[in-house]
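Reading through the structure tokens given below for one structure.
Throughout, a chain's letter reflects where its sequence line sits, starting with A, and its residues are numbered from 1.
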Amino acid sequence: MRLNVNGTTHDVSVPKDTPLLWVLRDTLKLTGTKFGCGIGQCGACTVLMDSAPIRSCSTPATRAAGKLILTIEGLSPNRSHALQRAWVAEQVPQCGYCQSGMLMSSAALLLRAPTPSDAEIDRALSGHICRCGTYARIRAAIHRAAGDTAQPSRADAR
Amino acid sequence: MRTPVAISRRDFLALVPGAGIAVAVGYYARGSNARAQGGDGRGLQGQLEAFVSVEADGSVRVLIPRSEIGQGTHSGLAMVAADGLDADWSSVVPIQPGFDRRLGRQNTGASSGIMACYELLRHAGATTRAMLVAAAAQQWGVEPGSCGTEPGVVVHGPSGRRAAYGALAAAAARLPVPSGVPLEDPATFRLIGTPQLRKDVPLKIDGSAVFGMDVRVPGMLYASIVRCPEFGGSLERFDATRAKAVPGVQAVVELPRAELLCTVGQAEPRDMRVGAPGHHHFLRPGVAVLAENTWAAMQGRRALQVTWKPGPQASLSSAGLSQQFQALLKAPAQSVVQDRGDVDATFRSAARIVQAEYELPLLAHATMEPQNATASVTDDRVDIWAPSQSPAAIVGSVAHVLNVPVDKVNAYVTFSGGGFGRRGQPDVVVEAALLSKAVGVPIKVVWTREDDIQHDYYRPSGRQRVAAALDAQGRMVGFRQHEAHLSMNQFFRGPGVPTGEISADDFPAFAVPHVRLESSVVDADVRLGPWRSVANSTNCFVLESFLDEVAVATGRDPVALRLSMLDAARATASNEQRTHIDRLATVIRLVEARAGWGTTLPRGRARGFAAFPLCGSYAAQVVDISIARSKVRVHRVVCVVDAGTIVNPDSVIAQIEGGIVYGLSAVLMGAITLKRGRPEQSNFHDYRMMRIGDAPAIDVHIVPSTARPTGIGEVSVPHVMPAVTNAIFALTGKRIRSLPVKLA
């Protein structure tokens, strides 16, 4: 099958039932998308398919054929996406394992709701789990990326 | 007392695998760790510790003898060294070494990273700075005393001459390493105490951070293992026909029987024990499917047909354990943990007795990254990559099962997608090592989430009976605590070891004259392990719930009760004890003020309080909750923490926030229940977690302090549990004595 991932076309040959997650990680060697639960409960595997978030652990790769897949590696060339800059300013990640998924869902959210409310954020990220408990900082970082806060970064706050 | 020894560039490079550095200035010390490590005299002269190097391009590499599991220790410890060195933070690169006994203890746990390495890295930074200054002074023909530094630059005040550290590094490397370089006055800290940006964060926002799951070794096969689902069961037979037919599957291998060593707390591979005579802890029986990729391995494993033989625990259940705990509490205790004064007489003559029993379940760690390990075993060497909290445990355990010298085993530590105490167990690396040995290629073992939940080393379950004897004035004069539980200590070390995981150092025991603490255990083959905050997670719930009950029973405010008990204890306390009491009382008073304790809340809301010292630090929390449709909603948590000298206040706040959410998942949702010898839960649909919509607003206040740095990582986890149940009582009059909270 032919997959378009982060703007590059790949011809891959895998068993029909292979989830997109494992094509990304093992076939295409894009390990930024993570395996957390395998049943779509934790959100760590989230990528965008035609700008909508999907759980790649539970999506057969065949369903991605002909669509535009965006993974964390494709979010920006050099950590320059507003969300990535906000994630750094708010020092969001702790262990970091859930954050690729969080960022991709957040990116999808901002595409359809450029200045989301807390309730909209909670709804958009309700499928995600962070065991390090970074939720409050994620909310703050989304608001920051949406441009609706003028707070100094955590490194400036003394 | 450390005696610095000059290091050659070659030796420094040997400690940093893959280092391509031009020139190094290293600070090495014949460490006081030599005795603790039981060094055998082989290898480089004495014990070498090389922690700081400056390169020609000015970058500063700091070896961090701890794992980065999300707690920010890599950047924190690098800040400590950089402050002593007076380096610009932008030039600093923390480096994760593999296992190397010359670096001393590398275990990550007990919230001790900053505490244990603080002085060491201050010295390393300061000594390297002194050498750079000496090199500049020599070049300029001036007295070193007339030179100072600005970040990354040596400056000669009188002449205004300047030289960057990078330009001086080569010359400095040729100088003798000075001893006794004075440490800077904490009042002049430039980095320590400031919220510098963490170095690992950029890697964690673009997918480039390498976790254990992301390791790739040429020629590697992926392994998915089906393990005996029943604790204590064994493999009867299996049929691999269908598994081998799955495209990509290369082999199906039965796991050999292998002994796991007692690794809790051990820092030196040679010190790891097999446990008491006759006591063994074996790898869980399993069958591995090896394949070209992860999905094929998982599909192959699903296609395996396996028959398991039930063992002696086929009927093990949480309900059964609970009955056993209750029976043990009705009988005389098996062992005494502490007996002070005359408890029996005190209780006989008490004006009033308050008593309660509390029960706590097994809990799983549920790290976001499921367990995994990669092993390459050849005739010459063994290489292991894992998200580990104990490289020494890897080396000791793998050397043991493969029957090779420990010096042949190399352990490399990756980023860990959460640790919480799970990653000190070497079961996963042993699986990978055994499989690699069996088939002769590198193997990556990947656990599913079901494997992770069902084959965890759980936070032990148990039941505690607590009683207080009050005099006519309502003062607590006697205290009894009896825990009936699964003992982690006994699990690892076998019978005949102390099993009590309660302590007379906890409050209120330390403040009461007549105290008896007792322990009884149920002997069951359940894997137990340190879970973030360990025994504090159970003891804080029990003790802080109980003190709330005493307060209610005697008509006193819970906060006022704690403060009056501490005040009374202070009168007869030693100096050291008095400091301990004062620091605890301070965080209580501060949280009382900051949370508005005692002020009116809107209808349908209530507050709960808990205070508890742990990991050398002091913390108190107030939560503010409401209940709707039998579900608790936590609106706000205020936490005051005193952890001594703070390296990075933002990292501290992040850890406190995270620990609170971790504790809330446990108190509101968490239980691993056993039935027919196995866990009933398997994934996040039935072992549920706090999500973003559940998360409260969290207010953290750090008490300014110049005391030595103490722990943070686990410190905020326990308090939120009794604080929530105390708030539930305040709101509803219903006392919750077993977790997780069930209101319906």
Please state whether the side chain, the backbone, both or neither of [X] comes within less than 4.5 Å of a heavy atom of chain A.
X	answer
B/Phe211	side chain
B/Ser416	backbone
B/Ile653	both
B/Gln71	neither
B/Ser651	neither
B/Ala695	both
B/Leu664	neither
B/Trp447	backbone
B/Met368	both
B/Glu292	neither
B/Asp200	side chain

- Query: Mind checking what makes side chain to side chain contact (heavy atoms under 4.5 Å, CB included) contact with A/Thr31, not counting sequence neighbours?
  - Reply: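 A/Thr31 satisfies side chain to side chain contact (heavy atoms under 4.5 Å, CB included) with A/Arg25, B/Asp214, B/Arg216 once adjacent residues are dropped.
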Between [Y] and [X], is there a salt bridge with N-O shorter than 4.0 Å?
X	Y	value
A/Asp11	A/Arg2	yes
B/Arg198	B/Glu68	yes
B/Glu369	A/Lys34	no

- Item | Pair A/Trp22 and A/Phe35, ring centroids less than 6.0 Å apart |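 Yes, close enough.
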- Would you find more than 12 non-hydrogen atoms of other residues, nucleotides or ligands less than 6.0 Å from B/Arg688 atom CZ?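 Not more than 12 within 6.0 Å, no.
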- chain B contact via A/Asp17 - which portion, at a heavy-atom distance below 4.5 Å: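 The answer is both parts of A/Asp17.
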So which of [options] has the largest heavy-atom pair count under 4.5 angstrom toward chain B?
options	result
A/Leu75, A/Ile39, A/Leu103, A/Thr134	A/Ile39
A/Cys130, A/Gly38, A/Pro93, A/Cys98	A/Pro93
A/His128, A/Arg123, A/Arg137	A/Arg137
A/His81, A/Met102, A/Gln99, A/Lys29	A/Lys29
A/Gly43, A/Gly96, A/Gly36, A/Ser100	A/Gly36
A/Val23, A/Val14, A/Leu125, A/Ile129	A/Ile129

- Item | Six-ring centre of A/Tyr135, B/Arg691 cation under 6.0 angstrom, axis tolerance 45° |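 B/Arg691 over A/Tyr135 ring: no.
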Give a yes-or-no answer on whether the side chains of [X] and [Y] include a donor-acceptor pair shorter than 3.5 Å.
X	Y	answer
B/Gln655	B/Glu714	no
A/Thr8	A/Asn6	no
A/Ser76	A/Gln84	yes
A/Arg55	A/Thr46	yes

- For A/Thr33 and A/Ser56, which heavy atoms make the closest approach, and how far apart are they?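 The pair with the smallest heavy-atom distance is CG2-OG, 3.8 Å.
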- Task: May I ask you to name which of B/Pro649, B/Ala654, B/Gly207, B/Pro247 has the most heavy-atom pairs under 4.5 Å with chain A?
- Result: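 Winner by heavy-atom pair count: B/Ala654.
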